[in-house]
Protein chains: 2
Amino acid sequence: MNEYYRSAYRPLLALDCVIFGYEEGTLKVLLTRRKQEPYKGAWGLATGFLHEGESLDNAAIRILKKQTGLDDIYMSQLQTFGDVGRDPVERVVSLVYYALVRVDAYDEKLLEQNQAQWFSITALPKLMFDHEDMIQKSWGKLRRKSRYQPLGFELLPEKFTLPELQTLYEAIHQKQFDKRNFRKKILATNLLEKLEEKQKGVSKKGAYYYQFQKDKYDELIAAGFNFELKSMAFGS
Amino acid sequence: MNEYYRSAYRPLLALDCVIFGYEEGTLKVLLTRRKQEPYKGAWGLATGFLHEGESLDNAAIRILKKQTGLDDIYMSQLQTFGDVGRDPVERVVSLVYYALVRVDAYDEKLLEQNQAQWFSITALPKLMFDHEDMIQKSWGKLRRKSRYQPLGFELLPEKFTLPELQTLYEAIHQKQFDKRNFRKKILATNLLEKLEEKQKGVSKKGAYYYQFQKDKYDELIAAGFNFELKSMAFGS
DNA sequence: ACAAAAGTGTTGAAGATACACCCATGA
DNA sequence: TCATGGGTGTATCTTCAACACTTTTGT
């Protein structure tokens, strides 16, 4: 290694994960209490430093696994935060990932073990550093992305009903949708398989379960199919 | 500072800038030759390490200023690249910014001084490390963003004609647009002011100059106006 | 007068929105 | 039987895409 590299400043590099979940009709975020002084006990995102020899994505996977017990989580980089005073203890540059998990797959025991808790996105506690900003920006990204990518499914169990899916979208967008138009739009993607089974216990009539056809989606993606919006496509 | 921070791994943190320009009907990227061994002389993006006490955006501004002589450049974070072997010399995590500059504002002398050169985006030389990937991803972002934000103006002089603007969009999207539809769409934003003056020398008839009304745009943004697409808005 | 690029409107198709009633079931 | 939430179709409007001729002016 030469002078060019050796003399450079080396900041700490952290990864913070905004973990979204969906439960009881509201969009939630998983928060944990900070384990070290100062600000010990303050609510914040799941976090960790990058390890030597570890890629960024792998570091995020490691942190998510530790926090949730799950691999194979939908996960994507949001952006990097690096204001000078954002961590008052020491200069830390922080890469934010956001992740979508199925709350039903979540290991309850880990909540206690990690001093973690789900909070409704509309009723967050006071958060340390710039974590509030990170969550709001992640939510914005989720809103925008859910318009052209079938993300909602990542937050629901394998089998879900259309009313459930609609309520989820309403929680993400904080907006009511028309039942008929919503169904039309969702079913028009042709990515949902209707099952024979009906949901019991929630309503008297019972709603049909659907399943997201991930294979079909992956095929379409592989074939170069584009779920992007058509309008403003400057077509021809 | 306590143990939690002290024991953490500290990678090098670089910033790489994809500088887009527009000239002679083609979208271009500004590249420089690497100044140190190994790979000295290889083409790559304008780059630099983060300095102590400097925010990420300020670091990007510094690097852009050094490269182009300009401040006040449109600039935005793309994403962070951190694969383990991406810099073969040493582990370097790299934050990519993309920037849009007016080539006419560019100081010619700096090109030589920095061993820099504009390359058409469709005819890039072999690039070092993962810089090719960074450029392609930035271009993708530029394409997507130009559909719902008036970005094109950043690449043109203050005064420009609609045929010029259209050619720019065609260069960004690598696609021909219909003159009439393009005009309609652009003028529908109500953000362009038609000037009295006509362009001379390019065509016999001469095209009217237009000017982007940045004040008006900023006002609308401040008022919460949203340039996002309407379709898929899950409206009501 | 003619060549070359600038400028302009309309029509049909597709997609988005608004809206109201019947159905199945458990209590 | 009735209360609750599930399911369905249509009419209107907006937006997008396709398309061809006239205007201006320099040579």
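Below, each value reflects all heavy atoms present in this structure, side chains not excepted, and no hydrogens, waters or symmetry copies. Keep in mind the model is a prediction, meaning the values are calculated, not measured. Convention: sequence-line order gives letters A, B, ...; per-chain numbering from 1.
- The distance from atom CG of A:N181 to atom P of D:dT12 is 16 Å, rounded to the nearest whole Å.
- Ring geometry, B:Y217 versus B:F212: the interplanar angle falls from 30° to 60°, so the pair is classed tilted.
- Residue A:R180 places no side-chain N or O under 4.0 Å from the OP1 or OP2 atom of D:dG9.
- Regarding A:Q176, its CD atom lies at a distance of 14 Å from the P atom of D:dG5, rounded to whole Å.
- Of the candidate nucleotides D:dA17, D:dG6, D:dT25, D:dT25 has the atom lying nearest to any side-chain atom of B:K198.
- Distance, B:K194 NZ to C:dA6 C1': 10 Å, rounded to whole Å.
- The salt bridge (charged side-chain N to carboxylate O under 4.0 Å, His left out) test with A:K159 is passed by exactly one of A:E196, A:E193, A:E164, A:E197: A:E197.
- Residue side chain B:K205 reaches the base of D:dT23 through a donor-acceptor N/O pair under 3.5 Å, judged by distance alone.
- Rounding to whole angstrom units, NZ of residue B:K200 and P of D:dT25 are separated by 9 Å.
- If you take OH of A:Y208 and C1' of D:dG5, they are 15 Å apart, rounded to a whole angstrom.
- Aromatic pair B:F153/B:F160: ring centres closer than 6.0 Å.
- Whole-Å rounding puts the A:D178 CG to C:dC21 P distance at 15 Å.
- When each of B:K179 and A:K179 is assigned the nucleotide of DNA chain D with its nearest heavy atom, A:K179 is the one assigned upstream, toward the 5' end.
- Here the P atom of nucleotide C:dG7 and the CG atom of B:L165 are 12 Å apart, to the nearest Å.
- Dashed line: the shortest gap from a side-chain N or O of A:K185 to OP1 or OP2 of C:dT17 is under 4.0 Å.
- To the nearest angstrom, C1' of D:dT22 lies 17 Å from NZ of B:K204.
- For D:dT10, the base has a donor-acceptor partner in the side chain of A:K184 [N/O atoms by modelled type, under 3.5 angstrom].
- Using a 4.5 Å heavy-atom threshold, the side chains of A:L95 and A:D16 count as separate.
- Ring pair A:Y169/A:F177: centre-to-centre distance not below 6.0 Å.
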